[in-house]
Amino acid sequence: AKKADTKLHLAHSTGKRIQDTADELIETVKRRGKCPTEDEKATFLSDGNDQYTHAILKNFDKETVNYGQLIKVRDNGRIIAKIRTIIFGEIEDFIDTVYVERYNLTLRHGISRLVRKSLCFSKCKKMLDNHLNVYQCYNNLIRTNSALTIKTDKGMKNIERTPCMAERITNHIWTWKELLMFKININY
């Protein structure tokens with residue numbers, strides 16, 4: 001799951017396209033995200049996989065969520081039509097999955113375990129999940145995104161930002177050392 005406006009990698013779930021995988025993803029989004037209300041609804045966009053519909057309804061109140069699907073109709077592998085459907089709620093923006101598709105490409109370029117038909121292809125789910133978790137931290141805290149750059153007046157340096165800076169989770173670009181040395185305080 002990715003926020004289109006800030007490019008924040010909020011959650012991921014690996015596995016086959018089954019209900020459990022969709023449930024795990026949406027549960028993680030619910031745990032990590034802000035609780036939506038009827039005034040501030042969460043918006044979800046996906047492909048035509050109905051498992052997301054069930055997972056969203058299982059984790060969120062229908063009145064607090066907007067959900068739309070983009071179904072690509074193919075003929076001999078070529079896309080011949082795109083059907084955009086609002087499943088529930090109201091979606092003012094154009095329904096498209098281009099942001100998550102682009103991010104999946106970025107993941108494939110950045111993580112050799114996701115490259116198909118290669119020696120590095122990941123066969124162990126736990127190791128893949130661990131690698132994705134590290135990459136998620138890197139993407140959110142260390143890697144600047146040109147789409148998030150704040151342009152300044154001439155003569156001044158533009159302000160580069162990470163997704164966590166755009167979300168106001170942090171106020172600076174982290175280093176690898178800072179990330180790896182970060183101590184988590186867990187109070188049980």
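Counting begins at 1 with the first residue of the sequence. The model shown is predicted, which means the values in this text are computed figures rather than measured ones. Computation of the quantities below employed the complete heavy-atom set of this structure, encompassing side-chain atoms and omitting hydrogens, waters and symmetry-equivalent molecules.
Between Ala11 and Gln136, the shortest heavy-atom contact is N-NE2, 4.0 Å. Between Trp174 and Ile142, the closest heavy-atom pair is O-CG1, 3.6 Å.
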**Request:** Please assess Lys7 against Tyr103 for the test side-chain contact (heavy atoms from CB on, under 4.5 Å), listing each intermediate value before the final yes or no.
**Result:** CA-CA 9 Å; Lys7 316 298 185 212; Tyr103 188 63; over 6 Å; no
**Message:** With side-chain contact (heavy atoms from CB on, under 4.5 Å) as the criterion, how do Asp5 and Tyr99 come out once you've worked through the C-alpha distance, each side chain's angles and the decisive distance to 0.1 Å?
**Reply:** CA-CA 10 Å; Asp5 58 341; Tyr99 296 113; over 6 Å; no
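Taking CG of Asn49 as the start and OH of Tyr52 as the end, the distance is 5.5 Å to the nearest 0.5 Å. Atom-to-atom distance recorded for Tyr138:OH and Leu132:CG is 14.5 Å, nearest 0.5 angstrom. Note that the CG atom of Asn145 and the CG atom of Leu8 stand 11.0 Å from one another [nearest 0.5 Å]. How far OG1 of Thr85 is from CD1 of Ile91: 10.0 Å, rounded to the nearest 0.5 Å. Expressed to the nearest 0.5 Å, how far NZ of Lys30 lies from CG of Leu25 amounts to 14.0 Å. For the atom pair CG of Leu107 and CG of Asn139, the computed distance is 7.5 Å after rounding to the nearest 0.5 Å.
By the rule that hydrophobic residues join a cluster once side-chain heavy atoms approach within less than 4.5 Å of another member, Leu128 and Tyr135 end up as members of one cluster. Note on Phe182 and Trp176: same hydrophobic cluster, where clusters join Ile, Leu, Val, Met, Phe, Trp and Tyr whose side-chain heavy atoms are under 4.5 Å apart, directly or indirectly. By the criterion of side-chain heavy atoms lying less than 4.5 angstrom apart, applied directly or through intervening Ile, Leu, Val, Met, Phe, Trp or Tyr residues, Met127 is not grouped with Leu119; the two fall into different hydrophobic clusters. Follow the hydrophobic side-chain contacts under 4.5 Å out from Leu179 and you reach Val134 in the same cluster.
Asn59 contributes a side-chain N or O that, together with a main-chain N or O of Ala55, makes up a donor-acceptor pair within less than 3.5 Å. Side chain of Asn158 to backbone of Lys151: no donor-acceptor contact under 3.5 angstrom is found. With hydrogens and angles disregarded, a donor-acceptor distance shorter than 3.5 Å links the side chain of Thr21 to the backbone of Lys16.
Taking Leu57 as the reference, Thr53, Lys62, Phe88 meet the side chain to side chain contact (heavy atoms under 4.5 Å, CB included) condition, with sequence neighbours excluded. For the side chain to side chain donor-acceptor pair (under 3.5 Å) test, residues two or more places apart in sequence or in another chain that qualify with Asn133 are His12. Take Phe60 and apply the ring-ring contact (aromatic ring centres under 6.0 Å, His included) test, not counting sequence neighbours, and it matches Phe44. Residues satisfying the side chain to side chain donor-acceptor pair (under 3.5 Å) criterion with Glu27, sequence neighbours excluded, are absent altogether. Checked against side chain to side chain donor-acceptor pair (under 3.5 Å), Lys58 has the following partners two or more places apart in sequence or in another chain: Asp23. For Ser118, the side chain to side chain contact (heavy atoms under 4.5 Å, CB included) partners at least two apart in sequence or on another chain are Val115, Cys120, Phe121.
Identified under the side chain to side chain donor-acceptor pair (under 3.5 Å) test for residues 119-128, with sequence neighbours left out: Thr14-Lys125, Arg113-Ser122, Lys125-Asp129. Within the structure, salt bridge (charged side-chain N to carboxylate O under 4.0 Å, His left out) pairs that include any residue of residues 137-147 do not occur (at least two apart or interchain). Pairs engaging residues 38-54 under the salt bridge (charged side-chain N to carboxylate O under 4.0 Å, His left out) rule: Arg17-Asp47, Lys34-Glu40 [sequence neighbours left out].
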Could you go through residues 65-81 and list every donor-acceptor pair under 3.5 Å that involves a side-chain atom there, pairing it with any protein atom two or more places apart or in another chain?
| unit_1 | atom_1 | unit_2 | atom_2 | d |
| --- | --- | --- | --- | --- |
| Asn66 | OD1 | Glu90 | N | 2.9 |
| Asn66 | ND2 | Thr43 | OG1 | 3.4 |
| Asn66 | ND2 | Glu90 | O | 3.1 |
| Tyr67 | OH | Ser46 | OG | 2.6 |
| Tyr67 | OH | Gln69 | NE2 | 3.0 |
| Lys72 | NZ | Glu101 | OE1 | 3.2 |
| Lys72 | NZ | Glu101 | OE2 | 2.7 |

Distance-only criterion, 3.5 Å: show the donor-acceptor pairs between side-chain atoms of residues 160-167 and protein atoms not counting sequence neighbours.
| unit_1 | atom_1 | unit_2 | atom_2 | d |
| --- | --- | --- | --- | --- |
| Arg161 | NE | Leu148 | O | 2.8 |
| Arg161 | NH2 | Leu148 | O | 3.2 |
| Thr162 | OG1 | Asn140 | O | 3.3 |
| Thr162 | OG1 | Met165 | N | 3.2 |
| Glu167 | OE2 | Lys3 | NZ | 2.8 |
| Glu167 | OE2 | Thr6 | OG1 | 2.7 |

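Counting only heavy atoms from C-beta outward, the side chains of Ile95 and Ile86 approach each other to under 4.5 Å.
Clustering of Ile, Leu, Val, Met, Phe, Trp and Tyr side chains at separations under 4.5 Å places Ile150 together with Ile159.
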